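Contents: one structure, followed by commentary.
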Amino acid sequence: MPEIRLPDGSVRHYPQEISGMALARDIGPGLARAAVAMRVDGQLKDLSTVVDRDADVAIVVRESPEGLEVLRHSTAHLLAQAVKALFPEAQVTIGPVIENGFFYDFSFPSHAFTPEDLQAIQVKMEELARADLPVRREEVDREAAASLFAGMGEDYKVQIIQDIPGEQPLSLYRQGDFVDLCRGPHVPRTGMLDAFALRTVSGAYWRGDARNPMLQRIYGTAWANRRDLEEYLRQLAEAERRDHRKIGAELELFSIQEDAGGGLVFWHPQGARVRRVIEDYWREMHVRSGYELLYTPHIAHEDLWFTSGHKDFYAESMFQPMEDEGQPYQLKPMNCPFHILVYKSRLRSYRELPIRWAELGTVYRHEMSGALHGLMRVRGFTQDDAHIFCRADQIEEEIAGVLALTREILGSFGFERYEINLSTRPAASVGSDGIWETATRALEGALQKAGLEYRTDEGGGAFYGPKIDLKIEDAIGRRWQCSTIQLDFNLPARFGMEYVAENGAREIPIMVHRAIFGSVERFFGVLIEHYEGRFPLWLAPVQLAVLPISEQQAEYAESVSRQLQEMGLRAEADLRNEKIGYKIRAHTLRRVPFMAVVGDREKDAGTVALRDREGHDLGTFRLTELGEKLRRMDRQRQQALTEG
RNA sequence: GCUGGCAUAGCUCAGUCGGUAGAGCGACUGAUUUGUAAUCAGUAGGUCGCGGGUUCGAUUCCUGCUGCCAGCACCA
């Protein structure tokens, strides 16, 4: 007589044991249709599981996060079944659920899956789903499982079985003639899988280890219903539309040239304008926040990098040293040692602390060729770097200051939502217990006082100190790692940095590394995708285009453009011999925020007819009025174009 | 770096079952003098990514390299 308690608090009594499916049906037919699994006393189970004692039971429906996982996992099995049906020689390995979908890795050295294969596999999967095969769980002891898969020639499955610890029986799932080793749970019938799409094939190492053979991984996505699937595919297309590499080329913002080498960025005039605006703003904000600006060299004697430890710990990411007059020089992968040298140029007093030094420092790192990606992962980039040298008791206030500055600067670019991680001391680390504790508490204190939510990654810090990482969320909800604040107990000691304390003793300062954009290149790439190239007025390379209707107003158009330029705005006149519709289209595609149309009416009245790139008619403006309005928007870094 | 795919005009792409290539957009020239997302006509522009091989002949087939794309690995 099991007594079953449901999540809503209600209790049901049954005369005998009851399966999850029967229970769901008993509660309601709608629930039964949406059910993919269930929870029995917190444990995720198949719907076929029989409950024969009192228990808390929750039916897991397809729309729930857990239900989606079950669906995706079952779709991965369906994929494997289809692949085995079409390519019996392929060996199955693992097929987990990932964000938005799933993948399955196959070992199939004799054939590389093609996009056409993927199509065929998708069709096969749909066919197997339509067949509505029952999915059955069975438990076997490990030996039986091992010999079953060995008999099928599934060597990887045998390995997986051997590596599963413990003695308990293993579970198999069968659907049609396909059988897979799996913990489950799974949907009861393949017919429940009806909203999935295969996406790409790529390579992936067995067990994620580059020393192991490479398998072929097929990625797919699966959803609770077709509508969600369509929506997801639409989002993917949206992300593709925002691709900074594509927009960067279209708008002539930047390029990466084969002749120069991968990962090296060329800023074209239009992109360079945006960068200058960003950098000017950055400098202004830093000076206002009590930073001094530095400039340091791009290379330095190799010995410096031995002192810093980079030669030991970071050598793989550094370019090879170059020799000059018998001396080895190293291209810098980081700016920190240089700022330390400036610090060490003379004796420092506690009265000088905190010292805040910032630099837009260009560094070079030897990223592996396969890692390069547009502006997001490059070999030469400019860090908006700063180092704060302070006493232990100043840490919290300094971190609070960095957080405030970071939020203000990111906010100006339309980033208001972040994900923050605090990483604490790892097992292998330098520095005393005392300093780690003081520092970690200072970071926590600064975060809490700022009212920021954060997650703690225990043991996730660098060996030299705890850190705060901040991921920004862009316009379509993607997250990007940009800002980082790291304490460093290592470099000051390695370099023998010190200051004279109040009592005359020599103390080692605390060093804080911090970057807000992280890399100017990467941040620019994120900005392009965030705004889809439609920069707000203050960042736009061209803020306003003056478009004469005909040649008759060319002179007037030029004078309008010149006057706006004299007011400090980035205006240009388009005097091409084209119709107005053509010019509007051209500048709309260039994402120019405002277009000022001038015909005879405007010329005679000394006005312009203003239009924005969204196609809104903003009416007629006198020139001075327009200039003032745009200047105000520019100064205030307004995000919405029609504000103010 | 690894696996797979791709590389044709400035861009997007078509094409050649092996006989040195074509469109649209863009650029340029001319006509038109234009009122809110493409006026018309003409011209120029390509060692078909780079090197080697097979062949009478290679952009096409084979091969090496480079670059790009997806992912893996990497990412103080």
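Just so it is clear, the structure is predicted and the values come from calculations on it, not from any experiment. Order of the sequence lines sets the chain letters (A, B, ...), proteins ahead of strands, with each chain counted from 1.
- Less than 6.0 angstrom separates the ring centroid of A:Tyr104 from the ring centroid of A:Phe106.
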Residue pair A:Gln122, A:Phe196: steps toward the side-chain contact (heavy atoms from CB on, under 4.5 Å) verdict: CA-CA 9 Å; A:Gln122 168 99 25; A:Phe196 57 84; 3.6 Å; yes
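- In this structure, A:Phe103 has its ring center under 6.0 Å from that of A:Tyr219.
- Taking the charged nitrogens against the carboxylate oxygens, A:Arg425 and A:Glu458 have no contact shorter than 4.0 Å, which rules out a salt bridge.
- One donor-acceptor pair, N or O on each side, does fall under 3.5 Å between the base of B:G35 and the side chain of A:Glu602.
- Distance A:Asn212 CG to B:C74 P: 12 Å, rounded to the nearest Å.
- Ring to ring, A:Trp305 and A:His310 are close: their centroids are under 6.0 angstrom apart.
- Taking atom P in both B:A7 and B:C50, one finds a spacing of 14 Å when rounded to whole Å.
- For the pair A:Asp574 CG and B:G26 C1', the interatomic distance rounds to 14 Å; values are reported in whole Å.
- As a whole-Å value, the separation of A:Arg590 CZ from B:G26 P is 14 Å.
- Salt-bridge annotation for A:Glu367 and A:Arg379: absent, with no side-chain N of the basic residue lying under 4.0 Å from a carboxylate O of the acidic one.
- Both A:Ile584 and A:Asp312 lie near RNA chain B, and the one whose nearest nucleotide falls closer to the 5' end is A:Ile584.
- Here, B:A21 and B:A9 have their P atoms 14 Å apart, quoted to the whole Å.
- What separates NZ of A:Lys603 from P of B:G35 is a distance of 16 Å, to the nearest Å.
- One C1' atom belongs to B:U39, the other to B:C25, and the distance between them is 16 Å to the nearest Å.
- B:G19 and B:C2 have their P atoms separated by 35 Å, with the value rounded to a whole Å.
- Base pairing analysis places B:G1 opposite B:C72; the two distances defining the Watson-Crick or G-U wobble pair are each below 3.5 Å.
- Considering only the side chain of A:Phe313, B:A76 comes nearest among B:U36, B:U33, B:A76.
- When the C1' atom is compared between B:U8 and B:C13, the two are found 9 Å apart, to the nearest whole Å.
- A sub-4.0 Å separation between OP1 or OP2 of B:U29 and a side-chain N or O of A:Arg576 is absent.
- Within 4.0 Å of A:Met595, counting heavy atoms only, lies no atom of the nucleic acid at all.
- Taking atom CD on A:Glu316 and atom P on B:A76, their separation rounds to 11 Å, with Å as the unit.
- Counting only N and O atoms by type, the side chains of A:Thr607 and A:Thr620 include no donor and acceptor under 3.5 Å apart.
- Summarising the geometry, the separation between CZ on A:Arg591 and P on B:A37 is reported as 17 Å, rounded to the nearest angstrom.
- Of the possible donor and acceptor atoms, one in the side chain of A:His301 sits under 3.5 Å from a partner among the backbone N and O of A:Asp303.
- Nucleotides B:U43 and B:C61 have their P atoms positioned 33 Å apart, rounded to a whole Å.
- Checked against the 6.0 Å centroid criterion, the rings of A:Tyr364 and A:Phe381 do not qualify as a close aromatic pair.
- Only the C1' atoms considered, B:U55 is 27 Å distant from B:G22, to the nearest whole Å.
- The nearest whole Å value for the distance from the CG atom in A:Asp117 to the P atom in B:G5 is 11 Å.
- Base pairing annotation: B:A58 forms no Watson-Crick or G-U wobble pair, as no partner gives both donor-acceptor distances under 3.5 Å.
- As judged by a 4.0 angstrom heavy-atom cut-off over every strand, A:Arg601 is placed among the base-contacting residues.
- Comparing B:C11 with B:C69, their P atoms sit 15 Å apart, to the nearest whole Å.
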Sequence-aligned protein contact record of nucleotides 68-73 of chain B, with B where the base is within under 4.0 Å of a protein heavy atom and S where only the sugar-phosphate is: SSBBBB
When you compare the protein's N or O atoms with those of nucleotides 38-40 of chain B, which come within less than 3.5 Å of each other, and at what distance?
from, atom 1, to, atom 2, distance (Å)
B:A38, N9, A:Arg585, NE, 3.3
B:A38, N7, A:Arg585, NE, 2.9
B:A38, N7, A:Arg585, NH1, 3.2
B:A38, N7, A:Arg585, NH2, 3.1
B:A38, N6, A:Arg585, NH2, 2.2
B:A38, N1, A:Arg585, NH2, 3.2

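- In this entry the distance linking CD1 of A:Ile468 with C1' of B:A76 reads 16 Å, nearest Å.
- Ranked by how close their nearest RNA chain B nucleotide is to the 5' end, A:Phe113 and A:Ala609 are led by A:Phe113.
- Using the Watson-Crick or G-U wobble rule with both distances under 3.5 Å, B:G51 pairs with B:U63.
- Distance CH2/A:Trp206 to CG/A:Asp105: 8.5 Å, rounded to 0.5 Å.
- Partners of A:Arg590 by salt bridge (Lys or Arg N to Asp or Glu O under 4.0 Å), not counting sequence neighbours, listed by chain and number: A:Glu572.
- Pair assignment for B:A41: B:U29, on the basis of Watson-Crick or G-U wobble contacts that are both within less than 3.5 Å.
- Proximity of the aromatic rings of A:Phe517 and A:Phe524 is defined here by a centroid distance below 6.0 angstrom, and this criterion is not met.
- Heavy atoms of A:Ile580 sit under 4.0 angstrom from primed sugar atoms or phosphate atoms, though from no base atom.
- At a cut-off of 3.5 angstrom, the base of B:U33 holds at least one donor-acceptor pair with the side chain of A:Glu551.
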